[in-house]
Amino acid sequence: MTLLLGGCIAPALDRGAFEQNAKSALESAASETSTAQIAVDALLSGNATNAYADTVVTDSENAMGGIETSFGVVDPPTPTQDPLREQVLTLLGDADDALAHARIAIRRGDASSLTDARKELDDASAHLESARADLK
């Protein structure tokens, strides 16, 4: 958990704390993409309405923004952690983009684009899980 007082941004206390913060962000993001995948699958199979899928995907997208912000404001404790920060922020951004593409396709009623967005969600989820596993 990160505590911010008076708008100050502080570095993680040590490498382990920063890596745990990264792992938590990746886990949360993977959860949000998985939730959206379920909603998209339900819509594509005719087991959900556009309104339901839109609500679920939009909520996941909104949560992703919070995850990106929470991780992005924690400074790496040393320059050696900078690549991890960039990797995690890139993966979070990719997942956020996939969620946005799904939301747009749902709202347009565009099944072809939604199928593409579903693949994009699969890829984002796999990359998030792989990066999380690498952090042990």
Side-chain angles (χ1 to χ4, degrees):
M1 178 189 309
T2 304
L3 178 62
L4 302 176
L5 299 174
C8 296
I9 298 173
L13 298 177
D14 59 35
R15 176 183 171 160
F18 186 74
E19 288 180 1
Q20 183 56 48
N21 193 313
K23 186 175 181 179
S24 294
L26 293 166
E27 288 172 351
S28 295
S31 176
E32 294 302 333
T33 57
S34 292
T35 299
Q37 288 170 309
I38 292 166
V40 168
D41 286 345
L43 179 60
L44 288 171
S45 67
N47 293 318
T49 64
N50 274 31
Y52 171 79
D54 180 32
T55 298
V56 172
V57 170
T58 299
D59 287 350
S60 290
E61 185 182 10
N62 289 336
M64 188 67 69
I67 295 165
E68 287 180 283
T69 298
S70 292
F71 181 75
V73 299
V74 178
D75 298 336
T78 67
T80 61
Q81 303 311 135
D82 290 348
L84 175 59
R85 180 180 186 276
E86 291 304 315
Q87 176 194 20
V88 172
L89 288 174
T90 296
L91 293 172
L92 296 177
D94 292 347
D96 195 30
D97 288 346
L99 290 164
H101 295 153
R103 173 184 42 82
I104 292 165
I106 291 167
R107 290 181 180 176
R108 290 180 179 166
D110 184 345
S112 176
S113 291
L114 187 55
T115 300
D116 293 342
R118 177 59 171 90
K119 172 73 170 97
E120 194 176 352
L121 286 167
D122 283 344
D123 292 344
S125 182
H127 292 130
L128 291 164
E129 288 294 340
S130 176
R132 185 201 56 77
D134 288 346
L135 289 173
K136 299 175 178 60

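Note that this is a predicted model, so its numbers are computed, not measured.
Asp14 has its side chain out of reach of Pro77: every pair of non-hydrogen atoms, C-beta onward, lies at least 4.5 Å apart.
How far CZ of Phe71 is from OG of Ser24: 10.0 Å, rounded to the nearest 0.5 Å. With rounding to the nearest 0.5 angstrom, the CD atom of Glu27 is 5.5 Å from the CZ atom of Arg132. Taken from CG in Leu44 to OG1 in Thr115, the straight-line distance is 5.0 Å, to the nearest 0.5 Å. To the nearest 0.5 Å, atoms CG (Asp134) and CD (Glu19) are separated by 11.0 Å. For the atom pair Asp82 CG and Phe18 CZ, the distance stands at 7.5 Å (nearest 0.5 Å). Taken to the nearest 0.5 Å, the CD1 atom of Ile67 stands 7.5 Å off from the OG atom of Ser31.
With no hydrogens or angles considered, no side-chain donor-acceptor pair links Asp110 and Ser112 at under 3.5 Å.
Closest heavy-atom contact between Ala102 and Leu114: O-CD1, 3.8 Å. Contact record, Leu135 with Ala22: CD1-CB, 3.9 Å, taken as the closest heavy-atom pair.
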Compile the donor-acceptor pairs under 3.5 Å between side chains in residues 84-100 and protein atoms, sequence neighbours left out, one pair per line.
| from | atom 1 | to | atom 2 | distance (Å) |
| --- | --- | --- | --- | --- |
| Arg85 | NH2 | Gly72 | O | 2.9 |
| Thr90 | OG1 | Glu86 | O | 2.9 |

What verdict does the side-chain contact (heavy atoms from CB on, under 4.5 Å) test give for Gln37 and Ser125, after you've listed the backbone C-alpha separation in whole Å, the side-chain angles of each residue and the deciding distance to 0.1 Å? CA-CA 9 Å; Gln37 288 170 309; Ser125 182; 4.0 Å; yes
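Atom NE2 of His101 sits in a crowded spot, with more than 12 heavy atoms from other residues, nucleotides or ligands closer than 6.0 Å.
Between Asp54 and Arg107 there is a salt bridge, with a side-chain nitrogen of the basic residue lying less than 4.0 Å from a carboxylate oxygen of the acidic one.
When each of Leu121, Val40, Leu43 is paired with Val57, the side-chain contact (heavy atoms from CB on, under 4.5 Å) condition holds for Val40 and for no other.
Side chain of Ser45 to main chain of Ala42: a donor-acceptor pair is present (N/O by atom type, distance under 3.5 Å, no hydrogens or angles).
Cluster annotation: Met64 and Ile38 are assigned to distinct hydrophobic clusters (Ile/Leu/Val/Met/Phe/Trp/Tyr, side-chain heavy-atom contacts under 4.5 Å, transitive).
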